[in-house]
Each structure stands twice: as C-alpha cells, then as structure tokens.
S.K.: 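There's a structure below that I have some questions on.
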Amino acid sequence: MKRSQFLLALASFSIVGGSFFLRRTFSSTREPKIITDTSRYKEIRNQLWSDNDQVKHFPNEIPTDAKDVRIAYSPEFSQGSSFFQIRLKQPPNKIEKLLSQYRSSAKHKYRGGSTNDHINQPNGVPTTFFYTSDSHTESFPPNYEILVLNTEDKGRPSFKWNHGNSYGVAINSSASEIIYWSEKW
C-alpha cells in the first residue's frame, strides 16, 4: 500500500469514525436514557447519583414490605440535568407516619401538579414531573401531596432557576403510596 493510499484510508476512517461518535453524542443527548430496572436501585442511590445529600431521604434499600415498586433514573444529559424517582406502596400506617414526618420538615407544599405548575405559583419552586406514572402524564393528580424538602437555585439573578436542584416526596395517602424524588438541572 502506498503512503498516499494509506493516508486516504486513514482520513476516510477518521471521518466515518468521527461521524459515528458525533451521531452517538447527539442522539444520546436528545432524550434521557431512563433506567427502570428496580434491581439497580441500590447502585443508583449509592453510586450513580452524584450528590448523596439529595437522596438521603430515600430508603437505603427497597423496603421488604413495599409493593408495586417503580424507579425512573436518568443520568445527566443535555446540559447536566438528571432525575431519580422511586415509587412504592407501603402499609397505610407506615405511609401516614412518613406523611407526618415529611410534612413537618417540608419547606414547600403542593397538591398535585408538576414542576411547571409549582414554579409558577407565588414564591413557587421547581419540583418534579411524575416520571413513575402508570400513564404518560407529567403531572401528579390532586390526591398527591408534593412535599419539597429542599431546593437550591444556582441560576443568575436575571435568570432564576436556570440551574439548580430540588428534592422531596410525593405522597398519596388514599393509595398508600410514596414517591421519593430528586432533580438536578
């Protein structure tokens, strides 16, 4: 093989290989990759979620009495946003105890809705979408109490909430269900 043929082949390989990696980069940032495998819960909570303070209210492991467990986790994508949610049913007495505990420590409280609804209220803050819903709905129905345990605005004064995080729980007492959530953007 002549040197010019070798350089042409190398250049062709670089263009094809480069376009493959660009396509992978752009296609992987268009939509979040959502992990729903509940067997990965501990790994996500303890290793993949980068800020342990934002998930300290999550159970260390899935409780043995939990039913209908669903998780939704999206690692950082598109300018660093990510989310983590676990939804589970527990005995009514346990849910009532959790509701009482989180109500007393919540900094903001909402009834139903989504982050878009909550942030647009007077003194509103971003929360979460209903990622673990049974349907494709983004909003929590009104029977969910969304309790924000903390938020952090990392935006500029002229562009509030451009970057930040929030975390908390959403509880539906009538369904005996709790959703632990954390968001970063």
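We're numbering straight along the sequence, starting at 1. Note that these values count all heavy atoms, side chains included, but never hydrogens, waters or copies made by symmetry.
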S.K.: To the nearest 0.5 Å, what is the distance between NE2 (His57) and OH (Tyr180)?
M.R.: 8.0 Å

S.K.: We want to know whether Glu96 and Ser173 form a side-chain donor-acceptor pair, criterion being a heavy-atom distance below 3.5 angstrom.
M.R.: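 The criterion, which ignores hydrogens and geometry beyond distance, is satisfied for Ser173 and Glu96.
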
S.K.: Please evaluate residues Trp49 and Gln54 with respect to the criterion side-chain contact (heavy atoms from CB on, under 4.5 Å), reporting the C-alpha separation (whole Å), side-chain torsions for both, the decisive distance (0.1 Å), and the verdict.
M.R.: CA-CA 9 Å; Trp49 192 259; Gln54 295 171 6; 3.4 Å; yes

S.K.: How far does CZ of Phe58 sit from OH of Tyr167, to the nearest 0.5 angstrom?
M.R.: 11.0 Å

S.K.: So, taking the atom named CG in Asn165 and the one named NZ in Lys184, what distance separates them when rounded to the nearest 0.5 Å?
M.R.: 8.0 Å

S.K.: In Å and rounded to the nearest 0.5 Å, what is the CZ to NZ distance from Arg103 to Lys109?
M.R.: 7.0 Å

S.K.: Determine, step by step, whether Glu138 and Ser114 satisfy the side chain to side chain donor-acceptor pair (under 3.5 Å) criterion, reporting the C-alpha distance in whole Å, the side-chain angles of both residues, the deciding distance to 0.1 Å, and the verdict.
M.R.: CA-CA 7 Å; Glu138 293 182 337; Ser114 73; 5.4 Å; no

S.K.: Which pair of heavy atoms, one from Thr38 and one from Ile62, lies closest together, and at what distance?
M.R.: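 For Thr38 and Ile62, the tightest heavy-atom pair comes out as O-CD1, 3.8 Å.
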
S.K.: Please determine whether a side-chain nitrogen of the Lys or Arg among Glu61 and Arg45 lies less than 4.0 Å from a carboxylate oxygen of the Asp or Glu.
M.R.: no

S.K.: Can you name the closest pair of heavy atoms from Leu147 and Trp181 and give their distance?
M.R.: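 Taking Leu147 first and Trp181 second, the nearest heavy atoms are O-CZ2, 4.3 Å.
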
S.K.: Are the side chains of Leu88 and Asp68 in contact, using a 4.5 Å heavy-atom criterion?
M.R.: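 The answer is no, as the side chains (C-beta and beyond) never meet within the 4.5 Å cut-off.
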
S.K.: At what distance, to the nearest 0.5 angstrom, does CG of Asn150 lie from OG of Ser182?
M.R.: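 Spacing of CG (Asn150) from OG (Ser182) equals 10.0 Å.
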
S.K.: Check step by step if side-chain contact (heavy atoms from CB on, under 4.5 Å) holds for Tyr102 and Leu149.
M.R.: CA-CA 8 Å; Tyr102 290 122; Leu149 301 178; 3.9 Å; yes

S.K.: Below 4.5 Å, heavy atoms only, C-beta onward: do Ile179 and Val169 meet side chain to side chain?
M.R.: no

S.K.: What are the two closest heavy atoms between Arg87 and Thr132, and how far apart are they?
M.R.: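 Residues Arg87 and Thr132, closest heavy atoms: NH1-O, 2.6 Å.
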
S.K.: So, Lys89 and Asp65, do they make that salt bridge, N to O below 4.0 Å?
M.R.: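 No, this pair does not count.
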
S.K.: Locate the shortest heavy-atom distance separating Ser139 from Asp117; write the atom from each residue and the value.
M.R.: OG-OD2, 3.8 Å

S.K.: Can you list the steps and then say if Val125 with Tyr110 is a side-chain contact (heavy atoms from CB on, under 4.5 Å)?
M.R.: CA-CA 10 Å; Val125 296; Tyr110 301 100; 3.6 Å; yes

S.K.: Would you give the length of the straight line joining atom OG1 of Thr151 to atom CH2 of Trp161, rounded to the nearest 0.5 angstrom?
M.R.: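 Here the rounded value is 3.5 Å.
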
S.K.: Considering residues, nucleotides and ligands other than Lys42, do more than 12 of their heavy atoms fall under 6.0 Å from its NZ?
M.R.: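 No - once you tally the heavy atoms of other residues, nucleotides and ligands closer than 6.0 Å, there are 12 at most.
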
S.K.: Is there a side-chain contact between Leu48 and Arg40 (heavy atoms, below 4.5 Å)?
M.R.: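 Yes. Closest side-chain heavy atoms under 4.5 Å.
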
S.K.: Quick test of your reading of the model: are Asp134 and Arg70 salt-bridged, counting only N-O distances below 4.0 Å?
M.R.: yes

S.K.: Looking at Ile86 and Ile71, what are the two nearest heavy atoms and their distance?
M.R.: CG1-CG2, 3.7 Å

S.K.: Please tell me whether Tyr73 and Phe83 form a close aromatic pair, meaning their ring centres lie under 6.0 Å apart.
M.R.: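 No, too far apart.
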
S.K.: Just by modelled atom types, is the Gly112 backbone N or O under 3.5 Å from a matching donor or acceptor in the His118 side chain?
M.R.: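 Yes, because the side chain of His118 sits within donor-acceptor range (under 3.5 Å) of the backbone of Gly112.
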
S.K.: Evaluate side chain to side chain donor-acceptor pair (under 3.5 Å) for Gln90 paired with Ser176, printing each intermediate quantity in order.
M.R.: CA-CA 6 Å; Gln90 291 201 270; Ser176 195; over 6 Å; no

S.K.: Report the C-alpha distance between Phe129 and Phe140 in whole Å, list the side-chain angles of each, state the deciding distance to 0.1 Å, and finish with yes or no for ring pair (Phe, Tyr, Trp, His ring centres under 6.0 Å).
M.R.: CA-CA 7 Å; Phe129 292 106; Phe140 291 91; 9.2 Å; no

S.K.: Side chains of Asn172 and Glu177 only: does a donor on one sit below 3.5 Å from an acceptor on the other?
M.R.: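 Side chains of Asn172 and Glu177: no pair found under 3.5 Å.
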
S.K.: Using modelled atom types only, decide if a donor and an acceptor are shared between the side chain of Ser100 and the backbone of Lys97 within a distance under 3.5 Å.
M.R.: no

S.K.: Which atom names give the shortest non-hydrogen contact between Val55 and Phe84, and what distance separates them?
M.R.: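 For Val55 and Phe84, the tightest heavy-atom pair comes out as CG1-CD2, 3.9 Å.
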
S.K.: Does a side chain donor of either Thr115 or Glu183 reach within less than 3.5 Å of an acceptor in the other side chain?
M.R.: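 Result is no, nothing qualifies.
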
S.K.: Can you find a heavy atom in the side chain of Ser82 that is under 4.5 Å from one in the side chain of Trp185?
M.R.: no

